[in-house]
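The basis for the numbers below is simple: all heavy atoms, side chains too, and nothing from hydrogens, waters or symmetry mates.
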Amino acid sequence: MKRDAPGGPIMLDELSHAEMHTDHQQWIIEEALWENEARIWRDEIDASLAELQKLETVLCKERSSLDAYGETIRGLRQNRAWHESALSGCAPVGGDDGLIALARKHAQDANKHLRLRHAHERIKQHHHTVMAYWRLLFNALSSAT
């Protein structure tokens, strides 16, 4: 015989002893699995918490590296201003020793600038990768609460 369960679907009035026992055995297996998985997840979180201090150290080093990089860029600007000032003070005569020296320095600066352009692209890619993973982690953890 079938009847409506309060607030739910139609249920059988009675399950056999064997059917109830089978349900209970299945539930025991599932609950043991859930408990085991929850224990593994707690262990993983504990390991992550232990690594959190290392992560903070790494992020602080990243920050310091970016500070140093900013100083390098400021130094380039100062060097460029000096070079431009020195260049405007030289007469554009082919035999002028000062202009020849500035031209040589300019070639060195051009090579350095090219190397730094490539370095900047590597730094940018690294930073974007780190921040993308950071946002994924932060958003995943924020949405869980």
Side-chain angles (χ1 to χ4, degrees), residues 2-12 15 18-145:
K2 296 182 179 181
R3 65 176 169 80
D4 288 335
I10 296 174
M11 301 287 293
L12 293 177
L15 292 176
E19 290 170 323
M20 288 187 290
H21 184 68
T22 300
D23 281 349
H24 292 167
Q25 292 303 311
Q26 181 62 39
W27 297 345
I28 289 169
I29 292 168
E30 285 181 329
E31 290 163 0
L33 173 66
W34 297 343
E35 187 176 29
N36 188 49
E37 287 179 336
R39 184 175 30 259
I40 290 168
W41 298 337
R42 282 192 314 268
D43 291 347
E44 289 173 338
I45 292 295
D46 289 344
S48 297
L49 287 170
E51 292 175 338
L52 194 56
Q53 188 174 13
K54 292 177 186 176
L55 178 61
E56 184 177 5
T57 299
V58 169
L59 286 173
C60 286
K61 285 181 182 178
E62 288 281 326
R63 177 70 158 83
S64 293
S65 293
L66 289 173
D67 288 343
Y69 181 57
E71 287 297 319
T72 298
I73 295 168
R74 282 185 283 286
L76 289 173
R77 285 186 178 163
Q78 290 173 352
N79 184 52
R80 189 103 47 255
W82 173 86
H83 189 266
E84 190 63 31
S85 175
L87 186 60
S88 66
C90 289
V93 178
D96 186 10
D97 290 340
L99 188 57
I100 293 171
L102 285 175
R104 287 184 182 133
K105 171 112 174 60
H106 183 84
Q108 293 170 350
D109 289 347
N111 285 333
K112 184 175 185 178
H113 186 85
L114 182 61
R115 286 192 312 273
L116 288 172
R117 179 183 295 148
H118 295 300
H120 182 83
E121 289 305 314
R122 287 190 307 274
I123 291 167
K124 180 193 286 188
Q125 182 62 42
H126 173 75
H127 179 75
H128 285 277
T129 300
V130 168
M131 290 296 102
Y133 281 115
W134 179 261
R135 293 283 175 242
L136 283 171
L137 174 62
F138 182 80
N139 290 339
L141 291 173
S142 296
S143 68
T145 57

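- Sequence neighbours left out, the pairs with a member in residues 60-70 that pass side chain to side chain donor-acceptor pair (under 3.5 Å) are Glu62-His126, Arg63-Asp67, Tyr69-His120.
- With sequence neighbours excluded, no residue satisfies ring-ring contact (aromatic ring centres under 6.0 Å, His included) with His21.
- Considering NE2 of His24 and CE of Met20, their distance stands at 7.0 Å, rounded to 0.5 Å.
- Note on Lys54 versus Glu51: no salt bridge recorded, every NZ/NE/NH1/NH2 to OD/OE distance being 4.0 Å or above.
- Other residues, nucleotides and ligands contribute at most 12 non-hydrogen atoms within 6.0 Å of the CD atom of Glu35.
- Between Asp46 atom CG and Trp41 atom CH2 the span is 15.0 Å, to the nearest 0.5 Å.
- At a threshold of 4.5 Å between non-hydrogen side-chain atoms, the residues Leu114 and Arg117 count as touching.
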Between Leu33 and Glu30, does the side chain to side chain contact (heavy atoms under 4.5 Å, CB included) criterion hold? Intermediate values first, please. CA-CA 5 Å; Leu33 173 66; Glu30 285 181 329; 5.6 Å; no
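- From Ile40, atom CD1 reaches atom CD1 of Ile45 across 13.0 Å, with rounding to the nearest 0.5 Å.
- If you take CD1 on Ile73 and CG on Leu116, they are separated by 8.0 Å, rounding to the nearest 0.5 Å.
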Side chain to side chain contact (heavy atoms under 4.5 Å, CB included) between Asn139 and Trp134, worked out: CA-CA 8 Å; Asn139 290 339; Trp134 179 261; over 6 Å; no
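- By the 4.5 Å heavy-atom criterion applied to side chains, Arg80 and His83 are not counted as neighbours.
- Between Gln108 and Arg104, the closest side-chain pair of non-hydrogen atoms is not below 4.5 Å.
- Between Asp109 and Lys105 there is a salt bridge, with a side-chain nitrogen of the basic residue lying less than 4.0 Å from a carboxylate oxygen of the acidic one.
- To the nearest 0.5 Å, atom OG1 of residue Thr22 and atom CH2 of residue Trp27 are 11.0 Å apart.
- For the residue pair Asn79/Lys112, the side-chain donor-acceptor check at 3.5 Å is not satisfied.
- Atom CD of Glu84 sits about 9.5 Å away from atom NE2 of His106, to the nearest 0.5 Å.
- More than 12 heavy atoms of other shown residues, nucleotides or ligands fall within 6.0 angstrom of atom CD in Glu121.
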